[in-house]
Amino acid sequence: MQRKCCLTIHNRLYQMSSFDIKNDLTWRDFLIRAALIIGTVAIIAWLMPRSNEFSFNVEKGRPWVYSDLSAPFDFPIYKSDEVISKERDSLMKLYEPYYLINKEVSGNEIRQFYKDYSNGIPGLDNDFLSIIANRLRDLYATGIMNSSEYTDLHQDTTRLIRIIDGKNATSMPITEVNSVVSAYEKIFIDHTLAEHRDILKKCNLNDYLKPNLTYDKERSEASLNELHNSIPLATGLVQRGQKIIDRGDIIDTKTYNILMSYKKETERKHENDPRLSLTILGQILYVAIIITCFTVFLSLFRKDYFEKARSSAMLYALIIIFAAIACLMVSHSVLHIYMVPFAMVPIFVRVFMDSRTAFMAHLTTVLICACALQHPLEFIAVETVAGLIAIFSLRELSSRSQLFWTAVLITVGMGLTNLSLDWIRTSDLRRISYSEYNYIAINGMLLFCSYPLLYLIEKAFGFTSNITLIELSDMNKELLRKMSEVAPGTFQHSIQVGNLAAEIARKIDAKSQLVRTGALYHDIGKISNPIYFTENQSGVNPHEKMGSIDSAQMIISHVTEGIKMAEKYDLPNVIKDFISTHHGQGKAKFFYVQYKNAHPNDDVDELLFTYPGPNPFTKEQAILMMADTVEAASRSLPDYTEKTIRELVNRLIDTQVAEGYFKECPITFRDIAYAKTVLIEKLKMIYHTRLSYPELKK
């Protein structure tokens, strides 16, 4: 009674601890999913263009490839930059820069002249002092300007400047104003002074010529701005609801200006739009809904992907990368959205995962990217067809050429879908824009890069594609060739097991190429000591001179040796799993029973006869275990009849089920029943009885 109570309490405590662990795992899974959603939404929403932005690609002389466009609000038709520039150039002829005249300069310089030549000019009469002073006074009255400024202004001889003298501003032609150099030359215009030029040159009269006109920057810039503001920036008005352009129309100069005006006004409204924060919230909510739906789908139907970080990482990384590319292209109005090979998403997901997940990942990506476009329906239709074609054509990847034909089919499918939409929207074939088909063709060429990118994804996320498995199945691979030479019996056994396992996999919808490749490598550990295994023996059995424990250890060691060899040759982890699980945690029963019979009264350490395992944890590993066990045991049948084969298969597989080898893998009783049927039928064909040929009577 006491023991029963203790057991009850122990079981109760175990159940409670299990419940707590389960709850902890549930909360952990929830937090992981929430983090994935928040991180993905934050990145995509940050990159997403705002809905108020102008996201059309406009080229003058090219057809309008978008749907019919009408004005959503009133906006002016702005002049082009070239027109405004020409009008400003013409108005510059009316522009008069302002200069301040400084009268003190003339007084100071003339007084200095009288002071320097108070005793007169040698060789000339004293009357020349007053003549020169008057000439200087006249030059300062008209104004003397800095030589560099004078040169710039004097290029246009019709140019006027405005001279400010106190409260008065007088317009004066630039030709009447002097620079220091021109003022010096004008001194000698008087014939009286010109006759004595040689003497006057010694007086250095240019020392008494200083600029008395100073550029008034503030008044000049104000005048220039006023002049520019007088130019009307718009030539008309587009009213709300007015048709701007129809799909397929050629963008002429007038329409181009209207579209550019629409763009300019849209961007202006975007900068001053108080509803921008609401737009951002809407985008965050939209992306969050799409990503949450995708996460819920995985949680309900593909929750095992969350148990493998590489799977969930690849799915969300692909969505983020392609959504980011689309958002950046739309934000900067570069190229065309059809150039982005979105079909790579279902290609990669289908190759490494399954069709349903591939379609959901592709649909999620397309819906998110569509939010960034002005007219998303056509984009969704074309890209959905592309994704479906990618999934259908890669139902089972068995050769490199499939990726080539997939790219071709996707390009054709996108082109036909876009053409059908063009035919629906227009009745005039001449108005169809064929530039989009160039972008679709570029998309197809970019899809050819899927093959090299598959290798990068394999290495980045630790997946193994069917192409890699096919390459590993090549019999000329060093490891397989070595096995065929050193352990030919094991090599033939592996091929036979691979054929049986692949047939079962096809029957129960498992990965046939994976299990075939795993079968070829599952016994590579026997290469180290091939003579200890029956299929490689030819009359000599070394186990006859060994104890049961040593023999069992030798047989069991082919699993650990196989793992070492797989690591040496850098085989993928999925192949290593086949090596470690094809015997599970079973026993080397022949030597175990032999030891038990020889030592009936001794306690047996069962670990000495037990394989390290683990037990199979995938459907493919379970298939290999069944095929391996049955194929090896079938060689020991005394006669091959339907009854003996059926009994052997049922007994061996029922024993494996009873001993719990398949408890940790997702294989059903229905799958096991199909596996039995396949094995029985195949073994009957392999070991069929031949008719004896009659002898020729003499």
Side-chain angles (χ1 to χ4, degrees), residues 89-228:
D89 290 341
S90 63
L91 281 178
M92 285 300 291
K93 297 178 181 179
L94 304 177
Y95 171 58
E96 299 178 6
Y98 284 81
Y99 283 85
L100 296 171
I101 189 167
N102 188 346
K103 294 182 177 180
E104 294 181 0
V105 174
S106 61
N108 293 336
E109 296 301 323
I110 292 171
R111 281 194 295 271
Q112 185 65 38
F113 172 73
Y114 276 119
K115 181 178 180 182
D116 292 341
Y117 293 98
S118 59
N119 297 324
I121 300 174
L124 295 176
D125 295 336
N126 290 334
D127 294 339
F128 280 92
L129 291 176
S130 59
I131 294 172
I132 294 171
N134 290 333
R135 176 61 62 188
L136 291 174
R137 193 173 288 108
D138 293 340
L139 290 172
Y140 278 116
T142 56
I144 300 176
M145 189 181 296
N146 183 281
S147 295
S148 59
E149 293 180 11
Y150 180 82
T151 302
D152 294 338
L153 293 172
H154 200 266
Q155 292 176 356
D156 184 3
T157 56
T158 63
R159 192 73 177 270
L160 297 175
I161 63 172
R162 194 171 286 262
I163 298 176
I164 299 175
D165 184 5
K167 296 182 178 180
N168 299 321
T170 306
S171 295
M172 183 177 292
I174 189 64
T175 53
E176 295 183 12
V177 180
N178 297 290
S179 67
V180 173
V181 175
S182 65
Y184 179 77
E185 292 296 328
K186 284 187 177 181
I187 290 176
F188 299 100
I189 292 176
D190 192 315
H191 295 293
T192 305
L193 295 178
E195 292 176 358
H196 304 284
R197 188 183 186 96
D198 293 335
I199 297 174
L200 293 176
K201 280 183 178 180
K202 298 177 182 179
C203 297
N204 295 324
L205 296 179
N206 57 322
D207 291 343
Y208 306 101
L209 295 172
K210 304 292 182 184
N212 68 335
L213 293 179
T214 306
Y215 178 68
D216 191 340
K217 183 178 180 181
E218 183 177 351
R219 284 192 178 93
S220 298
E221 289 183 352
S223 175
L224 183 62
N225 291 333
E226 184 179 353
L227 199 62
H228 286 170

- line: Output for pair (F113 CZ, D207 CG), nearest 0.5 Å, gives 11.5 Å

- line: OH (Y95) and CG (L227) are apart, to the nearest 0.5 Å, by 9.0 Å

task: Nearest 0.5 Å please: distance from the CG atom of L209 over to the OG atom of S106.
output: 11.5 Å

- request: May I have the step-by-step check of side-chain contact (heavy atoms from CB on, under 4.5 Å) for V105 and E109, ending in yes or no?
  value: CA-CA 6 Å; V105 174; E109 296 301 323; 4.2 Å; yes

task: May I ask you to check whether D116 and Y208 show a side-chain donor-acceptor distance below 3.5 Å?
output: yes

query: Looking only at heavy atoms, which two atoms of T175 and K186 are closest? And how far apart?
result: O-NZ, 4.1 Å

message: Can you confirm whether more than 12 heavy atoms, excluding those of N119, are under 6.0 Å from its CG atom?
response: no

- prompt: Do you know which two heavy atoms are closest between G120 and L129, and how far apart they sit?
  reply: CA-CD1, 4.0 Å

- line: Shortest non-hydrogen pair, I187 vs R135, comes out as CA-CG, 3.7 Å

- prompt: Short question: side chain of Y140, backbone of K210 - any donor-acceptor pair under 3.5 Å?
  reply: yes

message: Under 3.5 Å, is there a donor on one side chain and an acceptor on the other for S171 and E96?
response: yes

message: Which residue in the set T142, I161, I144, L139 passes side-chain contact (heavy atoms from CB on, under 4.5 Å) when paired with V177?
response: I161

query: Does I110 reach the side chain of R137, with side-chain heavy atoms less than 4.5 Å apart?
result: yes

task: Locate the shortest heavy-atom distance separating Y114 from S130; write the atom from each residue and the value.
output: OH-CA, 3.7 Å

field: Reference residue D165; test side-chain contact (heavy atoms from CB on, under 4.5 Å); the match among L100, N102, I101
entry: I101

Student check: side-chain heavy atoms of S179 and Y184 closer than 4.5 Å: no

- prompt: Looking only at side chains, do N212 and K103 share a donor and an acceptor under 3.5 Å apart?
  reply: no

message: Regarding Y99 and E149, do their side chains bring together a donor and an acceptor under 3.5 Å, going by distance alone?
response: yes

Rounded distance (nearest 0.5 Å) linking atom CD1 of I121 with atom CD1 of I132: 3.5 Å

field: side-chain contact (heavy atoms from CB on, under 4.5 Å) partner of M145, chosen from I174, T214, T151
entry: I174

field: Main-chain N/O of D216 paired with S220 side-chain donor or acceptor, under 3.5 Å
entry: yes

